There are 2 protein chains.
Amino acid sequence: MTYRMTELIATKREGKALTQEQLFWIIDSYTDDELPDYQMSSFLMAVLFQGMDDVELGCWTDAMLSSGVVLDLSGSPLPKVGKHSTGGVGDKTSMALAPLVAACGVAVPKISGRGLGHSGGTLDKLESIPGFTTELDLGRFTRQLEDIGIVLASQSEELVPADRRIYSLRDATGTVPSLPLIASSIMSKKLAEDLDALVLDVKVGSGAFTKDVEEARFLAATMVSIGRSYGTPVVVLLTSMDQPLGVEVGNANEVAESIAVLRGEGPADIVELTMALGVEMLVAAGIGDAEQAGGLLEAALASGAALEKFGELIAAQGGDPAVLDDPTLLPAAPQTTDITSPLAGTIARCDALTIGRAAVRLGAGRETKEDEIDHGVGITLHAKVGDEVSAGAPLATVRYRDADHLAASLEILDSAWGFSAEPQEPVPVILGEVR
Amino acid sequence: MTYRMTELIATKREGKALTQEQLFWIIDSYTDDELPDYQMSSFLMAVLFQGMDDVELGCWTDAMLSSGVVLDLSGSPLPKVGKHSTGGVGDKTSMALAPLVAACGVAVPKISGRGLGHSGGTLDKLESIPGFTTELDLGRFTRQLEDIGIVLASQSEELVPADRRIYSLRDATGTVPSLPLIASSIMSKKLAEDLDALVLDVKVGSGAFTKDVEEARFLAATMVSIGRSYGTPVVVLLTSMDQPLGVEVGNANEVAESIAVLRGEGPADIVELTMALGVEMLVAAGIGDAEQAGGLLEAALASGAALEKFGELIAAQGGDPAVLDDPTLLPAAPQTTDITSPLAGTIARCDALTIGRAAVRLGAGRETKEDEIDHGVGITLHAKVGDEVSAGAPLATVRYRDADHLAASLEILDSAWGFSAEPQEPVPVILGEVR
């Protein structure tokens with residue numbers, strides 16, 4: 001059966017449901033290069049406005065999953081637990097969390113994404129490490145998981161090729177913040193990973209795709225339900241993304257901060273989140289209860305086993321593990337400038353979305369899907385919500401490549417902070433959970 | 001100033017207004033090939049859902065108009081009156097109307113469009129005539145208008161190039177039925193024609209982009225208001241498009257029917273509409289009052305002057321005027337089949353949208369913007385609303401190229417007709433007017 005794409009776009013645009021056959025046809029045709037990007041992007045925008053019902057969403061996810069092969073990781077002796085975050089600004093959690101959990105005896109076969117909209121991507125960040133490759137074929141992926149219990153790689157062409165292409169198109173066409181597109185993208189990738197269990201971090205707030213807790217809870221429940229239909233247990237933490245996580249935003253910047261976390265020197269918010277997600281992953285793997293899991297994670301940090309596991313991962317994927325001891329090996333743009341506080345007071349707002357957009361303008365993210373990432377630019381925050389600042393104190397240090405990028409970034413960056421004369425409650429990291 | 005297109009898409013997606021600078025930047029960047037089709041198409045879908053306010057619409061129209069040159073037709077001695085229809089199924093009115101009005105001493109410098117969605121385009125239809133070219137450079141356009149008082153041509157690259165490209169992209173991306181996009185597309189083209197006045201035919205009904213009279217009235221008022229801000233008087237007739245106009249749908253089919261109209265042998269509905277629009281055009285040109293105008297039009301038909309003017313037009317644009325006497329010179333696909341009535345009764349519905357879509361599936365319209373039109377396929381209706389049919393009587397004759405196209409077309413075509421045991425009122429042609 002073949003369809004007229006303009007008719008299917010019109011059907012969705014008018015708020016009607018598409019059939020299983022039609023949804024499979026769209027995914028298959030796009031993957032086979034028979035559907036041009038410009039038709040897919042207007043279709044995706046129509047989905048963003050009109051949504052998908054549960055039946056459509058299941059079909060769409062299934063069509064994505066069956067656009068490629070599914071991993072067979074049954075040779076790995078350890079329980080396999082996946083982790084995924086819906087993305088935010090400064091969310092580098094996976095880079096420390098995956099080695100930490102793997103150091104505790106859980107296999108982490110993680111397929112990550114690239115920067116999407118204003119939020120960074122783990123692959124782009126990891127590629128800051130000299131020599132590090134995220135492009136592994138399935139054989140190498142499987143062997144590495146069996147050997148060292150951890151892989152952080154991009155989707156290969158064989159694995160969910162539909163999602164790989166749609167993800168990149170959405171990034172460039174303003175069609176990222178759609179709940180069904182987010183849920184199906186995440187779940188198709190994770191279901192292809194042959195996992196025993198999955199822990200999700202659904203972000204909530206200005207820098208997240210879901211702006212309020214109810215919406216996030218709905219997205220979480222949608223993904224738990226998709227997981228259930230495939231027999232994969234899914235646990236979701238709802239976590240705050242009103243301000244960036246940690247203090248570093250940008251690719252090399254965030255690698256450096258992840259190393260700090262593994263050295264026990266990370267900022268409190270990212271450490272808290274890393275430990276909470278780690279506990280969920282260990283418990284889901286059947287390693288013990290929450291208290292036992294917490295103890296194992298603390299020990300792996302203190303002994304250096306987690307840092308060592310990150311070094312193994314870097315070496316296995318062609319990177320130079322010397323960055324763990326010498327962060328100056330990471331790329332760094334040549335110039336920096338500080339932006340300073342216009343007044344004295346307490347920080348009431350440190351807006352993740354604005355800071356994420358400012359980082360994209362610096363070159364840390366993509367404007368169109370052909371754009372190159374500049375790994376060496378970024379923003380280091382010196383003031384977050386609840387911090388007291390004096391007039392003229394630095395709010396952030398911006399590392400930049402050239403004056404044009406800097407100007408574009410600064411045009412919006414200083415509107416990220418809000419001030420108050422009153423003390424401010426610090427922002428909680430974890431807002432809820434869905435199982 | 002340069003912008004991030006993803007940010008502008010997000011702004012519109014969230015229902016916020018864009019600035020004049022931003023709207024000009026989008027049009028200019030797209031026209032200069034700096035904005036990919038896939039970003040433009042998701043933006044257009046966001047506009048379809050979120051609309052544009054009056055200020056945005058004015059800026060968008062202005063940006064389209066200033067993407068190219070504006071005609072200078074001041075050398076033409078006659079009053080210049082434009083005509084445009086918002087498009088429907090079987091709407092071949094311009095092909096008879098323009099020569100008829102030109103035969104009465106009004107210059108008609110008409111830039112027409114191509115097929116858009118399920119509705120055909122005058123250019124595609126005219127190109128059925130062997131040798132006929134619609135691609136005239138501006139010099140030839142101007143000279144032909146001075147010589148014979150009529151031109152039916154495509155937009156040259158110099159004239160509103162932005163609209164030319166956006167129109168074609170909308171057609172392939174399900175972003176046709178947006179009031180601001182329709183209004184700005186029409187008015188930018190018409191304002192570039194250096195007209196003294198403009199008569200618009202806004203279609204209402206299943207086969208039109210506006211489904212009800214109130215929406216059509218709003219579109220009409222929007223265009224009258226854009227015209228006023230440029231000092232161009234605009235008159236709008238609101239006309240019915242629940243069923244196709246006339247009995248022919250398809251490119252060569254509709255040329256043949258237009259010739260019949262000029263011979264005084266056209267179906268009643270299309271003749272009524274042609275005369276009503278002709279009266280408005282003559283009155284707008286200052287030729288006389290409505291009664292005088294009607295008399296002039298009747299005389300031009302009866303004397304053969306209107307048919308002769310069509311022949312002059314065809315010859316001036318490289319076509320073979322012998323088609324006027326011998327319609328077998330028009331392309332015709334080799335095979336025909338009839339679809340027949342399943343029961344006896346009165347036709348209660350003869351759905352324009354369904355028939356238009358069925359014609360596209362035959363090859364008479366475009367699925368993607370790269371598609372070629374098949375000029376020789378089409379549908380001839382034998383039963384319209386109010387007609388009585390016996391069981392087994394032919395409802396339509398389908399002229400087709402091959403079995404695949406036929407099957408795709410028939411799959412939907414027979415759902416176009418509805419039947420009743422009661423007599424049905426004939427559908428009125430003219431529903432209202434806006435001045």
Side-chain angles (χ1 to χ4, degrees), chain A residues 1-15 29 34-50 116-118 165 168-178 209 211 353-354 356-358 360-361 365-371 404 407-409 411-412, chain B residues 1-15 29 34-50 116-118 165-166 168-178 209 211 353 356-358 360-361 365-371 404 407-409 411-412:
Chain A
M1 184 64 203
T2 108
Y3 296 95
R4 265 68 185 169
M5 186 60 183
T6 49
E7 290 180 14
L8 301 187
I9 296 170
T11 302
K12 179 47 68 186
R13 189 190 70 211
E14 289 161 12
S29 305
E34 284 161 13
L35 214 59
D37 284 343
Y38 57 79
Q39 287 190 323
M40 192 63 168
S41 68
S42 69
F43 176 75
L44 295 169
M45 186 61 87
V47 170
L48 188 143
F49 278 97
Q50 297 288 13
L116 193 59
H118 62 275
R165 296 195 45 189
S168 146
L169 185 65
R170 285 168 58 211
D171 188 26
T173 56
T175 51
V176 169
S178 155
F209 302 124
K211 305 298 180 194
L353 178 61
T354 306
R357 286 185 172 164
V360 171
R361 290 182 171 205
R366 285 180 190 80
E367 172 56 23
T368 73
K369 61 181 184 158
E370 290 79 17
D371 284 355
D404 284 352
S409 183
E411 191 190 352
I412 54 174
Chain B
M1 184 67 202
T2 110
Y3 296 95
R4 267 68 184 166
M5 186 60 184
T6 50
E7 291 179 15
L8 301 187
I9 296 170
T11 302
K12 179 45 68 186
R13 189 189 70 212
E14 289 161 13
S29 304
E34 284 162 13
L35 214 60
D37 283 343
Y38 56 79
Q39 287 190 322
M40 193 63 169
S41 69
S42 69
F43 176 76
L44 294 171
M45 187 61 88
V47 170
L48 188 142
F49 278 98
Q50 297 288 13
L116 193 58
H118 62 276
R165 297 195 46 189
I166 293 171
S168 147
L169 184 66
R170 284 168 57 210
D171 187 27
T173 57
T175 51
V176 168
S178 155
F209 302 124
K211 305 300 181 194
L353 178 61
R357 285 184 173 161
V360 171
R361 290 182 170 206
R366 286 181 190 78
E367 174 54 24
T368 73
K369 61 181 183 156
E370 290 80 15
D371 284 355
D404 284 354
S409 184
E411 190 189 355
I412 54 174

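Quantities reported herein were computed from a predicted structural model and do not represent experimental measurements. By convention in this document, chain letters (A, B, ...) are assigned in the order of the sequence lines, proteins followed by strands, and residues within each chain are numbered from 1.
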Options A:Val360, A:Ile9, A:Thr175, ranked by heavy-atom pairs under 4.5 Å with chain B, top entry: A:Ile9
Spacing of B:Asp37 atom CG and A:Thr173 atom OG1 [to the nearest 0.5 Å]: 12.5 Å
Part of A:Met5 within contact of chain B (heavy atom distance under 4.5 Å): both
Side-chain heavy atoms of B:Glu7 within contact of A:Arg361, under 4.5 Å: yes
Side-chain touch A:Ser42/B:Ser42, heavy atoms, less than 4.5 angstrom: no
Any B:Arg13 side-chain heavy atom under 4.5 Å of A:Leu48 side chain: yes
Heavy-atom side-chain contact between B:Ser41 and A:Met45 under 4.5 Å: no
Part of A:Leu44 within contact of chain B (heavy atom distance under 4.5 Å): neither
Part of B:Ala46 within contact of chain A (heavy atom distance under 4.5 Å): both
Residue pair A:Thr6 / B:Asp171: nearest heavy atoms and the distance that separates them: CG2-O, 3.6 Å
Pairwise side-chain contact, B:Tyr38 with A:Gln39, heavy-atom cut-off 4.5 Å (strictly under): no
